[in-house]
Every structure is written in C-alpha cells, then in structure tokens.
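Residues: numbered from 1 along the sequence shown.
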Amino acid sequence: MSKLVVVIQCDHVCHKCSGYPCANSFYNKEGMFTEYEADTRYMSMTCGGCCGIEVAGKLEDLRRKFKRYGQDINDVVVHLASCIVSDNYHNPPCPHRAYIKEIVERKGFKCVLGSYISKTATKRRESGQYQPFENM
C-alpha cells in the first residue's frame with residue numbers, strides 16, 4: 001500500500017504550469033490516481049531539466065530521508081507526469097522519458113507513467129492531432 005505519491009514534472013513545463021491539475025486529480029482520486037487510499041500523501045518535484053539526471057540526486061535524498069525517519073521506500077510510488085510521458089498542449093513527450101524512468105527504477109522506486117489526464121488532450125489523441133498516450 002502506497003503512503004506517498006511523488007509526481008515528477010517536466011522542469012520546462014513547470015515554468016508555465018502550476019502543477020494544480022496533477023494535484024487536483026490526486027486529491028480527487030481521478031485518472032491515474034484512483035487506486036490510492038485517502039491517507040496517501042502527495043509530493044511533487046521537477047526532473048531538474050534536460051536530460052533529467054538531477055532526478056537521481058533528488059530521489060537519493062528522498063531515499064535517505066525515508067531511511068532516517070524509519071520509513072520504507074516501498075511505500076513510495078513515483079509518477080512521471082503526463083507532461084513528460086505524453087503529447088499535450090505544453091509539448092510533445094519528453095525525449096528523455098525512458099532515461100528518467102530508468103533512474104527512478106534504479107533508485108528502487110516503483111514508477112508509473114502519467115498523472116493528470118486532460119479531457120482536451122484525450123480528444124486530440126482520439127482525433128489523431130496528438131500521439132496516443134504511450135506506455136513505455
């Protein structure tokens with residue numbers, strides 16, 4: 001059972017997106033967040049910029065903090081935000097998304113692809129304007 005959900009947002013996108021849609025979806029238990037219990041906590045961070053290597057340091061810090069406070073990193077699920085893994089109005093999928101996913105998994109965290117699922121982006125995927133939501 002997850003006790004903490006971490007959403008990693010594109011560093012470039014965070015300059016124009018507050019992250020509210022992802023947080024709102026989490027707290028309303030919608031889309032990619034339907035399975036989480038009410039007491040699951042939420043945290044967000046950015047990838048640190050292209051190529052995403054800064055995720056390694058941020059997640060290592062999180063691992064150390066969890067160990068220091070006697071918590072288990074198996075209680076953490078990391079979501080790569082939809083702005084990283086899918087075609088959307090901010091930008092196309094991140095060219096470094098597979099690398100970022102690899103970093104998350106190498107640090108010992110479970111990785112889920114996607115966060116907020118926009119109704120507009122879904123319609124644009126269905127019409128062929130955007131690429132299909134990709135599962136790596």
Side-chain angles (χ1 to χ4, degrees):
M1 183 177 319
S2 301
K3 295 183 181 177
L4 176 65
V5 166
V6 177
V7 174
I8 298 177
Q9 181 184 17
C10 169
D11 192 70
H12 297 291
V13 169
C14 82
H15 296 285
K16 53 189 168 187
C17 177
S18 64
Y20 179 79
C22 292
N24 192 53
S25 291
F26 172 80
Y27 287 111
N28 290 331
K29 303 299 182 250
E30 299 170 341
M32 303 297 290
F33 303 112
T34 58
E35 301 299 318
Y36 295 109
E37 308 245 344
D39 63 345
T40 304
R41 294 175 291 153
Y42 178 89
M43 186 171 107
S44 66
M45 63 178 68
T46 72
C47 66
C50 295
C51 66
I53 189 66
E54 289 185 27
V55 166
K58 291 178 179 188
L59 292 179
E60 186 58 33
D61 180 65
L62 182 61
R63 280 172 40 88
R64 288 180 182 164
K65 297 296 190 289
F66 257 63
K67 184 177 180 182
R68 179 183 301 159
Y69 296 110
Q71 296 170 314
D72 186 350
I73 68 162
N74 292 316
D75 292 337
V76 179
V77 177
V78 175
H79 282 252
L80 298 187
S82 295
C83 60
I84 291 177
V85 300
S86 68
D87 206 0
N88 58 77
Y89 79 97
H90 293 299
N91 48 268
C94 173
H96 307 290
R97 63 193 179 278
Y99 178 60
I100 296 169
K101 180 179 186 267
E102 179 185 338
I103 291 171
V104 171
E105 291 172 343
R106 287 178 70 181
K107 290 295 179 181
F109 295 99
K110 180 182 177 194
C111 188
V112 175
L113 305 177
S115 54
Y116 169 67
I117 306 296
S118 160
K119 291 177 182 159
T120 300
T122 299
K123 287 178 187 175
R124 290 179 179 168
R125 280 185 203 93
E126 291 168 356
S127 74
Q129 184 179 355
Y130 285 174
Q131 299 173 23
F133 191 86
E134 187 173 276
N135 290 322
M136 291 182 273

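Between H79 atom NE2 and L113 atom CG the span is 9.5 Å, to the nearest 0.5 Å. The line from OH of Y116 to SG of C83 is 12.5 Å long, rounded to the nearest 0.5 Å. Between the CD atom in Q9 and the OG atom in S115 there is a gap of 8.0 Å [rounded to 0.5 Å]. The line from OG of S25 to CE of M32 is 10.5 Å long, rounded to the nearest 0.5 Å. Between atom CG of residue D75 and atom CZ of residue F109 there is a gap of 11.0 Å, rounded to the nearest 0.5 Å. Between E105 atom CD and L59 atom CG the span is 11.5 Å, to the nearest 0.5 Å.
Under the 30°/60° scheme for interplanar angles, the aromatic rings of Y42 and Y27 are found to be tilted.
Considering all non-hydrogen atoms of both residues, K107 and I73 come closest at O-CD1, 3.9 Å. When all heavy atoms of I100 and C51 are compared, the pair lying nearest together is CG1-O, 3.9 Å. The minimum heavy-atom distance between I8 and T46, with the atom names listed, is CG2-C, 3.9 Å.
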Please determine whether salt bridge (Lys or Arg N to Asp or Glu O under 4.0 Å) holds for the pair K58 and E54, giving the CA-CA distance in whole Å, both sets of side-chain angles, and the decisive distance to 0.1 Å. CA-CA 6 Å; K58 291 178 179 188; E54 289 185 27; 5.1 Å; no

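Annotation: side chain of N28 is not in contact with side chain of F33 (no heavy-atom distance under 4.5 Å). Residues H12 and C50 are in side-chain contact: their nearest non-hydrogen atoms beyond the backbone lie under 4.5 Å apart. By the 4.5 Å heavy-atom criterion applied to side chains, S86 and R125 are counted as neighbours. K67 is not listed as a side-chain neighbour of R64, based on a closest heavy-atom distance of 4.5 Å or more.
In this structure a side-chain-to-backbone donor-acceptor pair under 3.5 Å is missing from N24 to Y20. Under a 3.5 Å cut-off, the side chain of D87 and the backbone N or O of Q131 do form a donor-acceptor pair. Between the side chain of T34 and the backbone N or O of E30 there is no donor-acceptor pair closer than 3.5 Å. Counting only distance, with no hydrogens or angles, the side chain of S82 and the backbone of G114 share no donor-acceptor pair below 3.5 Å.
Looking at R106 and E102, a side-chain N of the basic residue comes within less than 4.0 Å of a carboxylate O on the acidic one, giving a salt bridge. Between R63 and E60, at least one side-chain nitrogen of the basic residue sits less than 4.0 Å from a carboxylate oxygen of the acidic one, meeting the salt-bridge criterion.
When the options D61, V55, V6 are evaluated for a side chain to side chain contact (heavy atoms under 4.5 Å, CB included) with M45, the one that passes is V6.
Residue K119 qualifies as open at atom NZ: its count of foreign heavy atoms under 6.0 Å is 12 or below.
Both M43 and I103 are part of a single hydrophobic cluster, where members link through side-chain heavy atoms under 4.5 Å apart. Tracing side-chain contacts under 4.5 Å through hydrophobic residues (I, L, V, M, F, W, Y), one never reaches V13 starting from V104; they form parts of separate clusters.
Remark: K29 is positioned above the aromatic ring of F26, its terminal NZ or CZ atom under 6.0 angstrom from the ring centre and at most 45 degrees off the axis.
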